[in-house]
Amino acid sequence: MGRWATFDCYGTLIDWDGGIRSVVGDELLARYHEVEPQVQAEQPSLSYRDVMREALRRIDFADVDALGRSLPGWRVFAEAPAALASARERGWKLVILSNTDRDFIEASMASIGVPFEFAIVASEIASYKPALGHWRAFEHEVGRLPDVHVAASYFHDVVPAAELGIRSVWINRLAETRAPAPTRELRDLALLPETLAELVA
């Protein structure tokens, strides 16, 4: 059945903080990060476009559609395409599990430029991570859970992966300190192919 690696997209492959900051500024960034997961937990059936809209409304940002307009243009982390391409060359099957909408993830995957087997998005399963819906949808599609999950968000991704017994690679771009530790921790994706090989021979 091959080796399967699942990925979060925004914050891991695409610069999520930079994209949001470009719209709301530094002064509202932390507040936005507090509010968005609250909206997702309260209303898991909302599209991500509507989650962003509601989060902006709650932080009193005037243009509630600004993030939805900007997201397709958010930049890819420089090391991501080469790392993903190398993982594919080593036989890994790549899948995205994202708290977003189909049109957003398709635009972002086109920007990344490396093929994925498929992507599971929150708006199609009415579930936002850290709830387990993405992994259950993956399990339904593939017949088992992934071998490794790769993500930048400890809260959204590393914790639920651990709950499911999935090995995790935490892309800790912000040099955070969290416990319990993930299976592996990297500063960025540059060493991901080698790390995946260490985790699953």
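Remember, it's a predicted structure, so these values are computed and weren't measured experimentally.
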Sub-4.5 Å side-chain heavy-atom contact between [X] and [Y]:
X      : Y      : answer
Tyr32  : Asp17  : no
Ser108 : Leu13  : no
Ile105 : Cys9   : yes
Asp147 : Leu199 : no
Leu164 : Arg136 : yes
His149 : Leu97  : yes
Leu192 : Phe7   : yes
Val39  : Arg58  : yes

**Q.** Pairs where residues 181-200 contributes a residue and the test ring pair (Phe, Tyr, Trp, His ring centres under 6.0 Å) is met, not counting sequence neighbours
**A.** none
Q | ring pair (Phe, Tyr, Trp, His ring centres under 6.0 Å): pairs with one or both residues in residues 164-199, sequence neighbours excluded | A | Tyr154-Trp170
Q.
Could you work out, with side-chain hydrogen bond (donor to acceptor under 3.5 Å, both in side chains) as the rule, every residue matching Arg49, not counting sequence neighbours?
A. Asp103
Q: Show the numbers, then the answer: is there a side-chain contact (heavy atoms from CB on, under 4.5 Å) between Val95 and Phe118?
A: CA-CA 5 Å; Val95 176; Phe118 58 92; 3.5 Å; yes
Q: Can you tell me which residue pairs pass the side-chain hydrogen bond (donor to acceptor under 3.5 Å, both in side chains) test with a partner in residues 192-201, sequence neighbours excluded?
A: none
Q. Could you give all pairs that pass the side-chain hydrogen bond (donor to acceptor under 3.5 Å, both in side chains) test and reach residues 179-188, with sequence neighbours left out?
A. Asn172-Glu185
Q) For the side chain to side chain contact (heavy atoms under 4.5 Å, CB included) test, which of Thr6, Ile112, Val150, Leu84 pairs with Leu94? A) Leu84
Distance (rounded to the nearest 0.5 Å) between [X] [atom1] and [Y] [atom2]:
X      : Y      : atom1 : atom2 : value
His156 : Tyr128 : NE2   : OH    : 10.5 Å
His134 : Asn99  : NE2   : CG    : 5.0 Å
Leu29  : Arg21  : CG    : CZ    : 5.0 Å
Trp92  : Leu196 : CH2   : CG    : 5.0 Å
Leu67  : Ser22  : CG    : OG    : 7.5 Å
Met109 : Ile14  : CE    : CD1   : 10.5 Å

Quick check on the hydrophobic clustering: are [X] and [Y] connected, directly or via other members, by side-chain heavy-atom contacts under 4.5 Å?
X      : Y      : value
Phe61  : Trp74  : yes
Val142 : Phe116 : no
Leu145 : Ile120 : yes
Phe77  : Val169 : no
Val64  : Leu28  : yes

Check [Y] with [X], please: is the shortest side-chain N to carboxylate O separation under 4.0 Å?
X      : Y      : answer
Asp15  : Arg75  : yes
Arg88  : Glu117 : yes
Glu141 : Lys93  : no

If you look at every heavy atom in [X] and [Y], which pair is closest and at what distance?
X      : Y      : result
Arg90  : Pro193 : NE-CB, 3.6 Å
Ile166 : Pro146 : CG2-O, 3.7 Å
Ser168 : Pro182 : OG-CB, 3.4 Å
Val114 : Ala85  : CG1-N, 4.0 Å

Q) Is Arg3 reaching over with its side chain to a backbone N or O of Val148, donor-acceptor style, under 3.5 angstrom? A) no
Q) Do any N or O atoms from the side chain of Ser86 and from the backbone of Ala83 form a donor-acceptor pair under 3.5 angstrom? A) no
Q.
Go through it in stages, so that I can follow the logic: the residues are His33 and Trp16, the test is side-chain contact (heavy atoms from CB on, under 4.5 Å), and I'd like the CA-CA distance, side-chain angles, deciding distance and then a yes or no.
A. CA-CA 11 Å; His33 284 324; Trp16 188 53; 3.3 Å; yes
Q) What pairs of residues pass the salt bridge (Lys or Arg N to Asp or Glu O under 4.0 Å) test when at least one of them lies in residues 148-168, not counting sequence neighbours? A) Lys129-Asp157
**Q.** side-chain hydrogen bond (donor to acceptor under 3.5 Å, both in side chains) between Glu36 and Tyr48, worked out
**A.** CA-CA 10 Å; Glu36 187 189 88; Tyr48 187 57; 2.6 Å; yes
Q | Steps toward side-chain contact (heavy atoms from CB on, under 4.5 Å) verdict (Phe104, Val121) | A | CA-CA 9 Å; Phe104 288 148; Val121 295; over 6 Å; no
Q: Would you check, one step at a time, whether the test side-chain contact (heavy atoms from CB on, under 4.5 Å) holds for Leu56 with Asp63?
A: CA-CA 8 Å; Leu56 288 175; Asp63 185 357; over 6 Å; no
